[in-house]
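Report on the structure given below.
We name chains A, B, ... by the order of the sequence lines, and we start the count at 1 in each one.
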Number of protein chains: 2
Amino acid sequence: MVFQQRVKMSDVARTAGVSVATVSKVVNGRYGVARATAERVQQVIHELGYEASLGAQSLRSHRTNVLGILVAEFEPFSTELLKGASQEVAGSGYQLLAYSSGDGEGAAVGWERRSLARLSGTLIDGAVIVTPTVVETENSFHVVAVDPHTGPSDLPTVDSDNFAGAVLATNYLLSLGHTRIGHISGRSDLKSAQLREAGFRSAMAEAGVPVDERLVRVGGFRIESAAGTAAELLSLIDRPSAIFAGNDLSAISTMTVARDMGLCVPNDLSVIGFDNVPESALVNPPLTTIMQPLQRMGAEALRLLVDLIAGVERDTHIRLPTELVIRSSCRPLR
Amino acid sequence: MVFQQRVKMSDVARTAGVSVATVSKVVNGRYGVARATAERVQQVIHELGYEASLGAQSLRSHRTNVLGILVAEFEPFSTELLKGASQEVAGSGYQLLAYSSGDGEGAAVGWERRSLARLSGTLIDGAVIVTPTVVETENSFHVVAVDPHTGPSDLPTVDSDNFAGAVLATNYLLSLGHTRIGHISGRSDLKSAQLREAGFRSAMAEAGVPVDERLVRVGGFRIESAAGTAAELLSLIDRPSAIFAGNDLSAISTMTVARDMGLCVPNDLSVIGFDNVPESALVNPPLTTIMQPLQRMGAEALRLLVDLIAGVERDTHIRLPTELVIRSSCRPLR
DNA sequence: GACCGACTCGAAAACGTTATCGATACCGAT
DNA sequence: ATCGGTATCGATAACGTTTTCGAGTCGGTC
């Protein structure tokens, strides 16, 4: 527990025999300091292990070179995005900070939002938000949203083609001969959830197959409530022969529920998911699903954010393609 | 892209008709301001949506109420810890920030360490570190290490009983009749990896079973290199009948390698892991493993950190128990 | 040999907050 | 009335940086 005095710019200045102003210039690579001086200062900085104080920097220059990524929770989906973003940040000269809004807590929500705003406004230059909670466009700093919340906000976004993906999934099930297809949708305030349901309905209509409204239900955003919804669906007398789950997590929990009810996937029930989180390849049976390039989405979001801050003109809505990944959780009817 | 001026303390002070000093007092709940004034100020704060500037706060008071948790990478292990920590932080009045050191990049390592130090010294009050990279005890702020790196550092730590867990695993394999047991150990600079190997050897010795040195190898810390090690092990003419992998990730990749080589787990090869990350329940076959209470470890680490900062006297080395979780990846020999 | 420009450098103000400490107001008691 | 003592409040000096701008130096040119 050694207490070590933090070495500050004035320390560097003193030992190098120059003023703090000069040190600051050297640190930031500004013009106007002689070659020899700069090298000497660099030397001292290195020896003393000087690090700029983020607080002071932020206070004075309103720039910290730190970016944030805000996730609702650390689940597989956001973890993949995190990975992508943290890889992308490497060369950019920025530092990445992740924080979780701790969603799901009811009472604490005000507190969370406050401290969130506190971070945002003051110590990060911009943020990627991956959370269904309301976004505050009112802020003066840059944000880009991944898989954005519904609403009239025109935030820069990156998402994947949810509609097309849902069509892909539904058509696949249809091509296997299924017609009684159930859909467990995600939380309805997510644009992606709406689009997936829309894609599902559109594909069904296209195929001339009526959708039984009792078979499309919204699963909670929590894994447990998805299980509840799945159980309801599978308890129907004329239960569906296939289920298109709104995301892999609910697909996985559907499979678990099915197994618990004595149903065999894929023999008695086909299940297809959405996202292609790493877990979906591991479960038994391996889950057929729609791939979103999660890591790439994280990376794109970060790059977009960096560009926005740098002020480069570019398209601020990125939509990445989805893809059908066939594994073993679906099979032809009969 | 509306630019909104950040509302500062002086704004609040002006509209409330008091001085900034007073506002500061009511914000921090200090003694010495009249009831009525405090309420009025609170009101104004609310109306204007005032949030303190972290930068200024940190600069002036060296206290930010923000804690950090540093992970090497966002893999299942650290993600579980993250969850635990972020749940624990909720009531504590602190805000939690996660950052990844982006380990594995060779060249950038200097840069990472620098910016890391920058964050540490200046904008967070303490940190939980979950990374095998060298820890800097030299700092003046509080850290607690989870699953610490080896070395003479006497940092506050929380870990699980790795030795006992390894004994548990080995004895289980032994009790199944296995004697040719392989061990894939983790990166050798992790104390936990050393302890697991030690536990393995101890249990073997206790049972009077000699360990074949060709069967204990260190797998890289990456999942791919673990696969390489597993392949070597399984290619031996007298290959082991069981493998105790140093962690679940290498156990899982061992199972994959085994399958690719035409070996059936558990019929031809028993595999046991360590950690009990969520993935281990999902893989096929479900992995028998040693459970560490990961989320609880994260929570304990955070609580310890908070206590340390608060200056409460307490035990600074927490060791949580491990447990054998029997699933389907092991079976009796023959 | 005076002057001009280019080049280096440092003094000082500002960023938004907290902490100290003196000023003021008010009260009851002498 | 005067006084001591409490409440309550506000000026002000930090905290460590960045940035502006004026001062100083030096070499070269008429």
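In this structure, B:Leu59 atom CG and C:dA19 atom P are separated by 13 Å, rounded to whole Å. Spacing between atom CD of B:Glu51 and atom P of C:dT17 amounts to 10 Å, rounded to whole angstrom units. In this structure, the CD1 atom of B:Ile45 is 13 Å from the C1' atom of C:dT17, given to the nearest Å. Computed from coordinates, the A:Arg14 CZ to C:dG10 C1' distance equals 16 Å when rounded to whole Å. A:Leu54 has its CG atom 17 Å from the P atom of C:dG16, to the nearest Å. With rounding to whole Å, B:Arg35 atom CZ is found 18 Å from D:dC9 atom C1'. Following rounding to the nearest Å, B:Met9 (CE) and C:dA14 (P) show an atom-to-atom distance of 20 Å. The distance between atom CZ of A:Arg60 and atom C1' of C:dT17, rounded to the nearest whole Å, is 16 Å.
Candidate nucleotides C:dC9, D:dG10, D:dT8 were compared by shortest atom distance to the side chain of B:Val18, and D:dG10 ranks first. Residue B:Ala56 has its side chain nearest to C:dG16 when only C:dG16, C:dT8, D:dT17 are considered.
The side-chain contact (heavy atoms from CB on, under 4.5 Å) test applied to B:Ser58 returns B:Thr64, B:Thr122, not counting sequence neighbours. Residues passing the side chain to side chain donor-acceptor pair (under 3.5 Å) test with A:Gln295 are A:Glu80, sequence neighbours excluded. In this structure B:Gln194 satisfies the side chain to side chain donor-acceptor pair (under 3.5 Å) test with no other residue, sequence neighbours excluded.
Minimum interatomic distance between B:Tyr99 and B:Gly68 (heavy atoms only, all atoms of both residues): CE2-CA, 4.1 Å. Nearest heavy atom pair, residue A:Val66 against residue A:Tyr94, reads N-CD2, 4.0 Å.
Looking at B:Leu308 and B:Pro156, their side chains come closer than 4.5 Å, going by heavy atoms from C-beta outward. Two residues are said to be in side-chain contact when any heavy atoms from C-beta on lie closer than 4.5 Å; A:Leu67 and A:Val128 fail this criterion.
Contacts between residues 23-31 of chain B and DNA chain C, defined by a heavy-atom separation below 4.0 Å, involve B:Ser24, B:Asn28, B:Arg30, listed by number.
Put simply, A:Gln57 has no side-chain N or O that comes within less than 4.0 Å of OP1 or OP2 on D:dG16. Residue A:Thr37 places at least one side-chain N or O closer than 4.0 Å to OP1 or OP2 of C:dC9. One finds no side-chain N or O of A:Ser61 lying less than 4.0 angstrom from the OP1 or OP2 phosphate oxygen of D:dT17.
Each end of the helix from C:dG1-D:dC30 to C:dT30-D:dA1 gets its own axis from five base pairs, and the two axes differ in direction by 70°, given to 10 degrees.
Position along DNA chain C of the nearest nucleotide to B:Thr22 versus B:Gly55 favours B:Gly55 as the more 5'-ward residue.
Within the 4.0 angstrom heavy-atom criterion, base atoms lie near B:Ala21. Across all strands, B:Ser58 comes closer than 4.0 Å to no nucleic acid atom at all (heavy-atom distances).
By the 4.0 Å N-to-carboxylate-O rule, A:Lys8 lies too far from A:Asp11 to be salt-bridged with it. The residues B:Asp147 and B:Lys191 are annotated as not salt-bridged, no charged nitrogen and carboxylate oxygen being separated by less than 4.0 angstrom.
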Compile the donor-acceptor pairs under 3.5 Å between side chains in residues 21-43 of chain A and protein atoms, sequence neighbours left out, one pair per line.
residue: A:Thr22; atom: OG1; partner: A:Ser19; partner atom: OG; Å: 3.3
residue: A:Arg40; atom: NH1; partner: A:Ala16; partner atom: O; Å: 2.4
residue: A:Gln43; atom: NE2; partner: A:Glu47; partner atom: OE2; Å: 2.9

